[in-house]
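Throughout, protein chains are lettered first and strands after them, A, B, ... in sequence-line order, and every chain is numbered starting at 1.
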Amino acid sequence: GIQVEQSPPDLILQEGANSTLRCNFSDSVNNLQWFHQNPWGQLINLFYIPSGTKQNGRLSATTVATERYSLLYISSSQTTDSGVYFCAVGNFGNEKLTFGTGTRLTIIP
Amino acid sequence: EAGVVQSPRYKIIEKKQPVAFWCNPISGHNTLYWYRQNLGQGPELLIRYENEEAVDDSQLPKDRFSAERLKGVDSTLKIQPAELGDSAVYLCASSRSPESYEQYFGPGTRLTVT
């Protein structure tokens, strides 16, 4: 099956800093989603981005499908950004999402 | 629009007991997924429904797990009997495929088996 790797596994930043999270995947995809799992365990949809670039406030994401990677950018971090960020992909003919192991982000006030 | 609803949110049972989880997907979403998330890992698919039909149950441990989706809306996931290793968060998700493959997740049920 498709493999998904996320880096870095852990990231500790001061409030106001910027960060870049990376997701590498091993096969062509027709679905790529970024999620934020908050401390209560809820998976919150950030982006549905199988290709291209999207922005939503302080967050933006870019997927380069031909090179099999996606990046999530967080600018001007806030303490509420803390949590685990997951990249998940699905490929053609298989609608299940395969998740990476996540990046745990901690924002210090 | 209401999100995916799951109940209960928490469940503690003794091993060998049965347990059931319920999911109500987003209105109009024909595809429903059950995932299991172990501590420190990403969710993994257990079963996927398109309307009433289970189209991918290859990861469902069929000796003790069962699922149903009557009338193509709500779904129930059951474990009988539960084992210690079943302790995890059980997540339900839905999508409006094939129009969109984007999946939306419910809050999950945290199961503890003692």
For the rings on A:Phe35 and A:Phe99, is their centre-to-centre separation under 6.0 Å?
yes

In terms of heavy-atom proximity below 4.5 Å to chain A, should B:Gln103 be classed as side chain, backbone, both, or neither?
both

Establish, from distance only, whether the side-chain atoms of B:Tyr104 and A:Gln33 form a donor-acceptor pair under 3.5 Å.
no

Which residue out of A:Val84, A:Leu32, A:Asn45, A:Val4 racks up the most heavy-atom pairs below 4.5 Å with chain B?
A:Asn45

Between B:Gly108, B:Pro107, B:Pro43, which has the largest tally of heavy atom pairs under 4.5 Å with chain A?
B:Pro43

Among all residues two or more places apart in sequence or in another chain, which pass the side-chain contact (heavy atoms from CB on, under 4.5 Å) test with B:Tyr10?
B:Arg110

Turns out that what part of B:Tyr33 lies under 4.5 Å from chain A's heavy atoms comes down to side chain

Identify which part of A:Gln37 has an atom lying under 4.5 Å from any heavy atom of chain B, answering side chain, backbone, both or neither.
side chain

Taking every non-hydrogen pair under 4.5 Å, which of B:Gly40, B:Ser100, B:Gly42 racks up the most with chain A?
B:Gly42

Report the distance from atom CZ of B:Arg48 to atom CG of A:Leu97, rounding to the nearest 0.5 Å.
10.5 Å

With no hydrogens and no angle check, just 3.5 Å: does a side-chain donor-acceptor pair link B:Trp22 and B:Ser75?
no

State whether a side-chain donor-acceptor pair under 3.5 Å links B:Arg36 with B:Asn38.
no

Just wondering, are more than 12 heavy atoms of other shown residues or ligands nearer than 6.0 Å to CG in B:Leu84?
yes

Side chains of B:Asn24 and B:Asp74: do they bring a donor and an acceptor to under 3.5 Å?
yes

Residues B:Glu52, B:Lys71: salt bridge by 4.0 Å N-O rule:
no

For chain B, which residues from residues 58-74 of chain A lie under 4.5 Å away (heavy-atom distances)?
none

Given the options B:Gln41, B:Gln37, B:Glu102, which has more heavy-atom pairs under 4.5 Å with chain A than any of the others?
B:Glu102

Would A:Thr106 and A:Ser82 count as having a side-chain donor-acceptor pair, cut-off 3.5 Å?
no

Under 4.5 Å heavy-atom distance to chain A, tell me which part of B:Glu44 shows up: side chain, backbone, both or neither.
neither

